[in-house]
Amino acid sequence: MARQALHLFDGFQHTILRCLNSNTASLSQVRQAHAHILKTGLSNEIRFNSKLLSLYANHQCFADADLVLDSVPEPNVFSFSTLIYAYSKFSHLNHALRLFSRMLSHGIFPDSYVLPSAIKACAGPSAFRAGRQVHGIASVSGLASDSFVQSALVHMYIKCNHLTDAHKLLDTMPEPDVVSWSALVSGYARQGYVSKAKGAFHEMENLGIEPNSVSWNGIIAGFNQSGRYSEAIMMFQEMHLLGFKPDGTSISSVLPAVGDLENFEMGIQIHGYVIKLGIGMDKCVISALIDMYGKCACTSELSQVFDEMGYLDLGACNALVAGLSRNGLADEALMVFRQFKGQGMDLNVVSWTSMIACCSQNGKDMEALDLFREMQIAGVKPNSVTIPCLLPACGNIAALLHGKAAHGFSLRRGMSDDVYVGSALIDMYAKCGKIQGSRYCFDGMPNRNLVCWNAIMAGYAMHGKAKEATEIFDLMQSSGQKPDFISFTCLLSAFSQSGLTEEGRYYFNSMSREHGIEARVEHYACMVTLLGRAGKLDEAYSMIKKMPFMPDACIWGALLSSCRVYNNMSLGEVAAKKLFELEPRNPGNYILLSNIYASKGKWNEADKARDKMKKMGLRKNPGYSWIEVKNKDVEEQEKEQILCGHSEKLAVAFGLLNTCPGTPLRVIKNLRICGDCHAVIKFISSFEGREIFVRDTNRFHHFKDGVCSCGDHW
DNA sequence: ATAGGGTTAG
């Protein structure tokens, strides 16, 4: 009996040792082994403890690992190094550093094994001071010339964006290696210093070091980073020509460039190559393929790649959602997202963010707000990409409270200095009618890029504040930021809102003369609106005729709207004729023309235009506006019939009457303000000196004392 | 036991 027990015990011990020596031990096996070691008194032996440490660390059970370390009577550098390595491997950088300093305070000297791990823990801009300190410790310990330590230091300087220091260090290295040089190449490349990356690449070659695939991939990534997609593809081809076999990384580095250039032919070729190379199961390659097909608008290939995958990978799922969303398939994207969630997938911040972006870009604003809440309930923390994806949804439906909540969130989480967050906040406040809020955000930004400047100008344009928009434009240039074509679109539309014809003309001409920016169709559309609103309809028309390209529906639409404001029948007919060809299914065009006729008392022609619309099946019961009908020489009863079907927007307008009279501001989402609404709201604003803001898609009407800022006469 | 590269959200 005793012999049997002993035999069993021996067997058990054997298992324990085997478990300790394998790296695949499950967590419960490790815990059993741990219990056994404690029971048998082996826990004082450093080799068992170290093994336990590394097993717990590899399972990321750091609390257990810490306990083991605490129980070691005389920990050596090996005990610490195991845990420090694991902490930096799993990105618990602060813990790794804390442990390193604890080791030093135990009087344990670092060796060339623990230093690289400690240095790796400093590989991030925020830990650069600590990195310098560890570098100092390495020098004091006489280990600064160790090749592993030097490689780690090079890597640390690169990750801290101190590329020059890294380069200097590499130049002094007695045994430079391909790994460190490749790291420098891709370090330069990721920062967009493509020529420096190429320089380092050649320097490496001159040192007699053969570049490997990592070096090549670094260069490709660099071109992508700086938006130089064709060059990225050229490097890929050159690599191929020189006999380097591209690996999964090369493929996933080059595919985004192929997608951004929408080069479908090349995408197909690379897909074939992937299959030939036998790397079609690499999850990054699959994600990159899905993304590429999505960018090339090949939705069937996209789903095919996903379906053939045979297993669920989060990156691929996210790429699928993004691909569907990019191609306007918002409902499908939502469906697969819900499916993934139902299947218990561990959706990450990218998954949620891309779904929110999909909703806010496809008119599902309420859904976007719901998803934001849902993601937080699911325990996923929104980041500085999530906020700029969410904010447009708040702006679209003028959900100021939600927008403010997101603003507060970004302040608390320290992401308000991000240029994307800032630009999105500026846009959100402007769309919610709070242009002062936009300006407040703008003024508080520590760094601004072109998008920020354009966002605040677009805000002022939306609010018809041309003076402020011009001030920003001047400020922008004196701060050294060059305007682009969007800056001019914002500026010109601000002038057209304010009727500043001369200023508009001046800036339109200065665009190509002083800034080297050729006028695009949207600039001409702004000019046509500008001239049209000012009543200079013939000039607007001659501008259209002088345009260096075919005028599109926006141009003719701008002219027709102006013709309606001034009831210019002959030009209105010209514009309408073009529009009926360009966009036959836009009911607004028929109504505008019909109203021009009605204003001239030509009720026959007016009815004809409306019949044409009805025949297209566009509106069942289009009524006339009260502005026209009130002057028609018919019985009151018939007037009522003519007006029938034109009540929806009026109801909204009259709804304003039911709001509390003290309320100074109302914002109605995306209401196309027709003449009747305009007249009614103007009338309401004359009571009690009320101020009313209404957003008409992308411009505001500011009503006060019976006058509207837009100057239209209704 | 120590060192490098890729995909997906603005």
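Sequence lines set the chain letters: A, B, ... in the order given, protein chains first and strands last, and positions in each chain run from 1. The shown structure was predicted, so the numbers you read here are calculated from the model rather than taken from an experiment.
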Residues in side chain to side chain contact (heavy atoms under 4.5 Å, CB included) contact with A/L207, at least two apart in sequence or another chain: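 With neighbours one apart ignored, the set is A/P176, A/W181, A/I209.
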
Residue list, side-chain hydrogen bond (donor to acceptor under 3.5 Å, both in side chains) with [X], at least two apart or on another chain:
X: A/R338; value: A/E374
X: A/K196; value: none
X: A/E231; value: A/R228
X: A/D64; value: A/R31

Side-chain N,O (A/R326) to OP1/OP2 (B/dA9) below 4.0 Å: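 Yes, A/R326 has a side-chain N/O under 4.0 Å of OP1/OP2 on B/dA9.
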
Do any of [range] sit with a heavy atom less than 4.0 Å from DNA chain B, and if so which?
range: residues 154-163 of chain A; value: A/H155, A/K159
range: residues 142-151 of chain A; value: A/F148, A/S151
range: residues 416-429 of chain A; value: A/D418, A/Y420

Out of B/dG10, B/dG6, B/dG5, whichever nucleotide has its closest atom nearest the side chain of A/A357: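 Nearest listed nucleotide: B/dG10.
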
Quiz item: A/N212 side-chain donor-acceptor pair to B/dG5 base, under 3.5 Å: no

base_contact_polar (B/dG6 base, A/S253 side chain, donor-acceptor, <3.5 Å): no

Bracket notation of DNA chain B in which parentheses pair within the strand, [ ] cross earlier pairs, and | pairs with another strand (Watson-Crick or G-U, under 3.5 Å): ..........

Pair A/V214-A/V185, side chain to side chain contact (heavy atoms under 4.5 Å, CB included): steps then yes or no: CA-CA 9 Å; A/V214 178; A/V185 169; over 6 Å; no

Scan the side chains in residues 376-385 of chain A for donor-acceptor partners under 3.5 Å anywhere in the protein, sequence neighbours excluded, and list what turns up.
{"from": "A/N383", "atom 1": "OD1", "to": "A/V385", "atom 2": "N", "distance (Å)": "2.9"}
{"from": "A/N383", "atom 1": "OD1", "to": "A/T386", "atom 2": "N", "distance (Å)": "3.1"}
{"from": "A/N383", "atom 1": "OD1", "to": "A/T386", "atom 2": "OG1", "distance (Å)": "3.0"}

Listed pairs under 3.5 Å, donor-acceptor, residues 155-165 of chain A side chains, sequence neighbours left out:
{"from": "A/Y157", "atom 1": "OH", "to": "A/H135", "atom 2": "ND1", "distance (Å)": "2.6"}
{"from": "A/N161", "atom 1": "OD1", "to": "A/Q191", "atom 2": "NE2", "distance (Å)": "2.9"}
{"from": "A/D165", "atom 1": "OD2", "to": "A/R132", "atom 2": "NH2", "distance (Å)": "3.2"}

Can you give each donor-acceptor pair under 3.5 Å made by side-chain atoms of residues 295-304 of chain A, sequence neighbours left out, with the distance rounded to 0.1 Å?
{"from": "A/K295", "atom 1": "NZ", "to": "A/D291", "atom 2": "OD2", "distance (Å)": "3.0"}
{"from": "A/S303", "atom 1": "OG", "to": "A/T299", "atom 2": "O", "distance (Å)": "2.9"}
{"from": "A/Q304", "atom 1": "NE2", "to": "A/E308", "atom 2": "OE2", "distance (Å)": "3.2"}

